[in-house]
Amino acid sequence: MEAMLVDCVHNSLRHFVYKNAIFMCERLCAEFPSEVNLQLLATSYLQNNQAYSAYHLLKGTQIAHSRYLFALSCFQMDLLNEAESALCPVNEPGAEIPNGAAGHYLLGLIYKYTDRRKNAAQQFKQSLTIDPLLWAAYEELCILGAAEEATSIFGETAALSIQKQYMQQLSASVSLNTYNEERNLTSTKNTSSEDYSPRQSKHTQSHGLKDISGNFHSHGLNCGVSNMSFYNTPSPVAAQLSGIAPPPLFRNFQPAVPNTNSLVTDSSPKSTVNSTLQAPRRKFVDEGKLRKISGRLFSDSGPRRSSRLSADSGANTNSSVATVSGNVSNGSKYLGGSKLSSLALRSVTLRKGHSWANENMDEGVRGEHFDDSRPNTASTTGSMVSSDTKSCDQEDETMSLGGTALNAQRITIGVSEILSLLRTLGEGCRLSYMYRCQEALDMYMKLPYKHYNTGWVLSQVGKAYFELIDYLEAEKAFRLARQASPYSLEGMDIYSTVLYHLKEDMKLSYLAQELISTDRLAPQSWCAMGNCYSLQKDHETALKNFLRAVQLNPRFAYAHTLCGHEYTTLEDFENGMKSYQNALRVDTRHYNAWYGLGMIYLRQEKLEFSEHHFRMAFRINPSSSVIMSYLGTALHALKRSEEALEIMDEAIVADRKNPLPMYQKANILVCLERLDEALEVLEELKEYAPSESSVYALMGRIYKRRNMHDKAMLHFGLALDMKPPATDVAAIKAAMEKLHVPDEIDESP
Amino acid sequence: MATESSESEEEGKIRGGNDKLNIDDDLREMGKNAAWSVSSCKPGNGVATLRDDNLETYWQSDGLQPHLINIQFQKKVKLQLVFVYVDFKLDESYTPSRISIRAGDGFHNLKEIKSVELVKPTGWVCLSLSGTDPRETFVNTFMLQIAILSNHLNGRDTHIRQIKVYGPRPNPIPRQPFQFTSAEFLTYSTLR
């Protein structure tokens with residue numbers, strides 16, 4: 001009965017019928033109370049977004065996987081201390097972190113949110129060494145600014161470690177295969193399940209999943225993790241194949257798992273016999289399967305696979321499943337089940353590392369890289385599944401031994417393909433967070449078109465252009481990103497800011513409306529709405545929207561920064577400073593917040609502070625000419641004009657299209673009485689921005705100083721033609737009247 | 001400059017008033033940074049009612065004319081417009097008739113800069129502080145004093161429901177001599 005219940009639960013989880021899963025699981029725990037069952041119940045709760053239930057359930061448990069699930073629930077409930085102590089118990093400093101890569105990743109996030117960045121970086125690095133395919137950890141490292149070059153992370157060592165894992169499984173499967181072959185010959189596809197497992201019930205699904213899971217858990221990290229990872233890879237494929245027949249759990253296991261896991265099915269023929277293996281072998285069975293699966297994944301053994309798949313699918317499945325079920329107790333049925341659900345979840349979750357659902361299910365979350373590459377392979381396997389031959393068995397047998405060698409090769413190829421893709425993406429990501437945007441753009445260009453044309457990459461490209469202040473290109477990139485994935489919210493807050501800069505109020509309001517209708521609870525939508533109001537100068541409403549975004553996700557740094565900007569415009573400097581400081585608390589490398597603080601201090605004439613903050617911003621993003629020009633302004637205000645001029649020159653060189661550093665430079669030169677140089681600079685500037693009244697006004701002032709009254713009048717007149725705001729009109733006219741009077745002392749700096 | 005519908009000026013006379021306050025973007029309310037005081041008031045109708053954004057509450061003076069409202073800033077500010085909300089229909093003999101606006105550094109050197117006569121005003125009345133010269137668009141001062149010299153129907157005390165003071169927005173980019181007008185400059189002028 002236990003097995004049946006476990007099966008049922010897994011099935012429900014796989015099909016997202018959480019209510020049923022929770023109900024059945026409660027019966028299971030009531031009838032057979034054990035920690036493993038508790039874990040299953042907790043998993044169901046977590047899937048159903050009831051972290052609090054899982055929390056109370058798992059409080060105090062000691063098994064590694066339980067601790068991981070408990071830590072996850074704590075994290076979702078924002079109880080970071082408890083989460084941390086669960087993952088890394090205080091009185092056992094040497095204890096291993098549960099769940100390998102995923103555990104380290106979770107611990108890294110906890111450290112990051114509690115301000116221990118060095119530890120966080122360490123944890124992320126650890127998780128990457130355990131599982132080089134955990135992209136989310138790499139992305140977090142980039143955000144922290146502590147990422148090493150992608151080539152080193154996704155390089156040789158990574159390749160070797162992934163290959164090793166696969167190889168282990170492959171060798172395991174080889175031994176299984178021989179066994180399987182015998183079995184295959186003897187067993188028929190239609191044997192009932194009774195033969196095998198002790199707890200066997202007639203039910204095809206009664207695979208002591210629980211056992212499997214139990215075993216799995218007990219095996220802990222070693223094979224388990226690798227198995228899991230293996231499993232994960234096929235998962236997307238599996239997810240795609242949802243249409244097929246039932247025996248969900250089999251996936252992991254054996255051949256039977258046909259429908260759910262096409263991949264699994266691949267291996268299944270080989271391992272059909274596995275079912276009879278004893279406990280110790282179970283692991284291997286799984287590995288073998290996994291191996292085959294991965295081999296299949298990367299290979300194009302079409303016919304074999306399809307045959308296998310076909311064999312597995314349909315009627316066969318059930319029987320084979322049944323046969324397999326014997327083993328079940330050991331196997332990774334549980335894994336399979338979990339995988340399926342996790343797979344499905346995976347496919348649904350966004351690229352961001354915060355795909356807790358995934359992690360819930362997997363003991364060792366790998367394959368977080370739901371790259372777009374996955375769907376490709378998935379689709380190929382999918383097509384294979386639809387084949388419909390029957391005689392896979394025979395093929396399988398022959399395949400079994402020869403296959404291993406081929407598998408190994410395929411694994412190598414597959415690994416290198418994945419890693420090369422991740423290398424490019426990783427390097428691009430790292431460079432864009434280091435604000436070396438041009439290099440990042442070049443790196444992204446190297447991607448194959450099919451990858452480039454995806455939401456994530458295009459928004460990254462858009463962000464890079466945004467940092468380069470090339471708003472037109474950024475807008476283009478973001479537009480393509482929206483076409484590629486119209487329901488993704490990643491990077492849309494930056495898109496709204498780009499539209500704000502371009503003053504495109506129609507597009508901006510349309511974007512905001514669309515985002516809100518897509519997801520009312522995402523901070524990005526409210527940021528876009530706020531930007532829309534801000535563009536229309538309705539700063540109070542904009543502020544309300546940004547505060548809402550902050551409420552929805554207090555860990556979203558940009559929302560805090562935008563609040564700060566609105567407070568500053570409303571001249572509420574105290575709150576503005578608080579908002580910027582909140583943003584910095586979330587993300588120290590958020591240079592916009594440093595810039596915002598610098599601006600406030602500049603307005604309040606606290607020049608030392610202002611210079612310090614601009615310098616911090618500059619250190620984070622050394623290629624932004626705007627920051628450089630403000631740094632120069634602050635230095636000039638502090639009377640360090642020589643340094644100011646140097647920075648201005650740097651700024652001019654950094655971005656030829658930015659007229660401001662030149663203007664500021666002219667300003668500084670005027671104050672230093674180097675009027676001729678100032679005039680030169682302004683002449684140049686006139687060419688670039690012919691309708692800028694402040695340029696003419698400044699030139700007029702210089703000519704006035706030089707007593708070249710005609711020229712002064714001319715320029716003042718030109719300045720007035722450009723329709724400056726009222727204060728300037730007053731100032732300019734006053735200057736014109738007093739042309740023949742020496743400059744007053746209280747002229748603005 | 002603010003726009004108003006029903007205004008006619010004859011030798012400093014202002015008729016009627018506006019229901020709504022229409023202010024240009026480049027002006028902002030400056031009253032928040034000032035210390036407000038009045039020469040006298042009836043209990044319950046004190047100076048706070050002038051700044052509470054509630055047109056139902058009013059300040060009622062309680063002394064000899066001229067009644068004074070003093071607005072003192074911590075530093076010299078540029079001011080352009082003063083808006084006063086008064087309503088003849090509601091207040092009748094309490095409605096101010098002649099108003100004089102003075103500016104200066106403190107109580108000792110106030111000088112009159114504007115004098116108007118209101119004729120049955122109902123709503124927001126705009127008192128512009130600018131001179132005819134474009135150079136004199138703003139009054140740069142530490143202190144502003146609004147003096148009610150006489151009321152309609154020779155009333156002794158006066159009611160004023162709300163007062164707002166407007167000045168130019170400062171340059172969004174600090175420490176710049178002039179503001180930027182062209183798109184190229186504005187795009188690069190701030191980060192967001």
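Quick note on labels: first sequence line is chain A, next is B, and so on, each numbered from 1.
- Annotation: the span from A:Q664 atom CD to B:R175 atom CZ amounts to 11.0 Å, rounded to 0.5 Å.
- Remark: A:F609 CZ is loosely packed, at most 12 non-hydrogen atoms of other residues, nucleotides or ligands lying under 6.0 Å away.
- Most heavy-atom pairs under 4.5 Å with chain B, from the set A:T727, A:T497, A:N592: that is A:T727.
- Looking only at distances, no side-chain donor or acceptor of B:Q179 sits under 3.5 Å from a matching main-chain atom of A:P725.
- In A:K686, the NZ atom is crowded: over 12 heavy atoms of neighbouring residues, nucleotides or ligands sit closer than 6.0 Å.
- In plain terms, the two heavy atoms of B:T190 and A:Y595 that are nearest each other are CA-OH, 3.3 Å.
- Contact annotation for A:I494: neither backbone nor side-chain heavy atoms come within less than 4.5 Å of a heavy atom of chain B.
- When all heavy atoms are compared, the tightest approach of B:S189 to A:L660 is CA-CD2, 3.6 Å.
- In the displayed structure, A:Y500 atom OH is contacted under 6.0 Å by more than 12 heavy atoms of other residues, nucleotides or ligands.
- Contact of A:L720 with chain B is not made at all, since no heavy-atom distance falls under 4.5 Å.
- Rounded to the nearest 0.5 angstrom, A:E692 CD and B:T181 OG1 are separated by 4.0 Å.
- Between chain B and the options A:K537, A:K503, A:M599, A:K657, the largest number of non-hydrogen pairs under 4.5 Å is found for A:K657.
- Under a cut-off of 6.0 angstrom, the local environment of CD in B:E29 is crowded, with over 12 non-hydrogen atoms contributed by other residues, nucleotides or ligands.
- Contact tally against chain B (heavy-atom pairs below 4.5 Å) for A:V729, A:N531, A:T561, A:I627: the top residue is A:N531.
- Note that the CG atom of A:D470 and the OG1 atom of B:T187 stand 11.0 Å from one another [nearest 0.5 Å].
- For B:F138, the part lying under 4.5 angstrom from a heavy atom of chain A is the side chain only.
- Distance check: B:F180 CZ to A:S693 OG gives 9.5 Å after rounding to the nearest 0.5 Å.
- Looking only at heavy-atom pairs under 4.5 Å with chain B, the residue among A:A637, A:P661, A:S694 that has the most is A:S694.
- The pair B:K32-A:E571 does not count as a salt bridge, with every side-chain nitrogen at least 4.0 angstrom from each carboxylate oxygen.
- Closest heavy-atom contact between A:L698 and B:F178: N-CE1, 3.8 Å.
- For A:S534, the part lying near chain B is the side chain, with the backbone staying farther off; criterion is any non-hydrogen pair under 4.5 Å.
- For chain B, the option among A:A697, A:P690, A:A689, A:S691 with the highest count of heavy-atom pairs below 4.5 Å is A:A697.
- To the nearest 0.5 Å, the span separating CD1 on B:I173 from CG on A:L602 amounts to 10.5 Å.
- Between B:R192 and A:E566 a salt bridge is recorded (basic side-chain N to carboxylate O distance below 4.0 Å).
- Annotation: B:L153, atom CG; neighbour count of heavy atoms from other residues, nucleotides and ligands within 6.0 Å is above 12.
- The CG atom of B:N171 lies 8.5 Å from the CZ atom of A:R603; values are rounded to the nearest 0.5 Å.
- No part of A:L570 comes within reach of chain B, as not one of its non-hydrogen atoms sits under 4.5 angstrom from that chain.
- Both the backbone and the side chain of A:N658 come within less than 4.5 Å of a heavy atom of chain B.
- Contact record, A:D728 with B:P177: OD1-O, 4.3 Å, taken as the closest heavy-atom pair.
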